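Data block below; observations after.
Please read all numbers here as calculations on a predicted model, not as lab measurements.
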Amino acid sequence: MVHKPQLGGLRGIAVMLVILEHTHAINTYYPRAQHLGLAAMAVGVFFVLSGFLITSILLEARDSGENIRSILRHFYTNRAGRIFPIYYLVLILTALYGFVDITRFWPIHAVYCTNYLEIIRPDNFRPSNVFWSLAIEEHFYLFWPVVMLMTPRGLLPWVTAMVFFIGPASRGFFNGLGWESYGLLDPCCFD
């Protein structure tokens, strides 16, 4: 896959928006910005970039003629090598530092289920709520490669469109029930 530096720049802007909103810096200097939901938009950008990059990697691997088991093993090994070390280091350091939320719910964070913890115990001020989007991303990494590699080539556009439309349909369904935490469920982020 060809390296696309503009995607790195977009990712950098998204990181800055999340940091600014989480530190409340943007609200201090630009009070009107707090109503824009910049961090939520930035997380959406991350999800779209991940979807694009992972799909490109998987399609390229699929077209290489390599067997599916080998592609999956390589893909999951690569993802684990890139994400697990820093993620678990942060979890361990925050637990050692004494963040009660991290230590109390460590097993939930360790298996990337923070998004479900946020649904069960919503609290916008917990230090762990920064892990919810990474949990959704990891669930995507488990689910999407299997879909991309097991779906017959001719059906891929249809299956991709179906999965894409599950996002708004799920959000509409759960929003219709009046459930505020619906955006933390994996299907609500499929698009």
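- Counting all heavy atoms, side chain and backbone alike, H139 lies closest to Y112 at NE2-O, 2.6 Å.
- Counting heavy atoms from C-beta outward, I102 and Y97 have side chains that stay 4.5 Å or more apart.
- If you chain together hydrophobic residues whose side chains sit under 4.5 Å apart, I166 and V146 fall into the same group.
- Residue pairs meeting the salt bridge (Lys or Arg N to Asp or Glu O under 4.0 Å) criterion with at least one member in residues 181-191, sequence neighbours excluded, are R171-D191.
- Considering only heavy atoms from C-beta on, F143 comes within 4.5 Å of F190 through its side chain.
- In the hydrophobic cluster analysis, where Ile, Leu, Val, Met, Phe, Trp and Tyr join through side-chain heavy atoms closer than 4.5 angstrom, I136 is grouped together with F173.
- Minimum heavy-atom separation, G51 to F140: CA-CZ, 3.7 Å.
- The shortest heavy-atom contact between T55 and M148 is CG2-CE, 3.6 Å.
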Let me see the working for F165 and T160 under side-chain contact (heavy atoms from CB on, under 4.5 Å), right down to the final yes or no. CA-CA 9 Å; F165 285 111; T160 302; over 6 Å; no
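- S64 places a side-chain N or O within 3.5 Å of a backbone atom of A61 that can act as its donor or acceptor partner.
- The CG atom of L10 sits 5.0 Å away from atom CG of L49, with the distance rounded to the nearest 0.5 Å.
- L184 is not listed as a side-chain neighbour of Y116, based on a closest heavy-atom distance of 4.5 Å or more.
- The minimum heavy-atom distance between P85 and A80, with the atom names listed, is CD-O, 3.3 Å.
- Remark: aromatic rings of F47 and F52 are distant, center separation not under 6.0 Å.
- L155 and M162 fall into different hydrophobic clusters, defined by Ile, Leu, Val, Met, Phe, Trp and Tyr side-chain heavy atoms under 4.5 Å apart, directly or through other members.
- Listed by first and then second residue, the side chain to side chain donor-acceptor pair (under 3.5 Å) pairs that reach into residues 67-79 are E66-S70, sequence neighbours excluded.
- Counting only residues at least two apart or on different chains, no salt bridge (Lys or Arg N to Asp or Glu O under 4.0 Å) pair has a member in residues 84-94.
- Applying the salt bridge (Lys or Arg N to Asp or Glu O under 4.0 Å) test to every pair with at least one member in residues 82-97, sequence neighbours left out, gives no pairs at all.
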Which is it for I119 and L185 under the side-chain contact (heavy atoms from CB on, under 4.5 Å) test, yes or no, and what are the steps along the way? CA-CA 8 Å; I119 290 168; L185 292 171; 3.5 Å; yes
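- Remark: I92 pairs with L96, W106 by the side-chain contact (heavy atoms from CB on, under 4.5 Å) rule, at least two apart or across chains.
- Here C189 contributes atom SG and N115 contributes atom CG; the two are 8.0 Å apart, rounded to the nearest 0.5 Å.
- Under a hydrophobic-cluster definition in which Ile, Leu, Val, Met, Phe, Trp and Tyr are linked whenever side-chain heavy atoms come within less than 4.5 Å, directly or via other members, F99 and V111 are assigned to different clusters.
- By the side-chain contact (heavy atoms from CB on, under 4.5 Å) test, I13 pairs with L17, sequence neighbours left out.
- For Y141, the side chain to side chain donor-acceptor pair (under 3.5 Å) test picks out E137, with sequence neighbours left out.
- With contacts defined as side-chain heavy-atom distances shorter than 4.5 Å, the pair L156/R62 qualifies.
- Residues that satisfy the side-chain contact (heavy atoms from CB on, under 4.5 Å) test with V90, not counting sequence neighbours, are I86, T94, F131.
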Verify side-chain contact (heavy atoms from CB on, under 4.5 Å) between Y87 and H109, making sure each step is shown before the conclusion. CA-CA 10 Å; Y87 179 73; H109 300 304; 4.0 Å; yes
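- Judged as a ring pair (Phe, Tyr, Trp, His ring centres under 6.0 Å), and not counting sequence neighbours, the contacts of Y88 are F84.
- For the salt bridge (Lys or Arg N to Asp or Glu O under 4.0 Å) condition, the pairs that include at least one residue of residues 149-158, sequence neighbours left out, are D63-R153.
- Scanning all heavy atoms of the two residues, the minimum distance from L58 to L149 falls at O-CD2, 4.1 Å.
- The side chain to side chain donor-acceptor pair (under 3.5 Å) check on T103 picks up nothing, with sequence neighbours excluded.
- Taking A14 as the reference, A42, V45, F46 meet the side-chain contact (heavy atoms from CB on, under 4.5 Å) condition, with sequence neighbours excluded.
- Residues L93 and L134 share a hydrophobic cluster, clusters being chains of Ile/Leu/Val/Met/Phe/Trp/Tyr side chains in contact below 4.5 Å.
- Side-chain contact between V163 and W158: absent, with no pair of heavy atoms (C-beta onward) separated by less than 4.5 Å.
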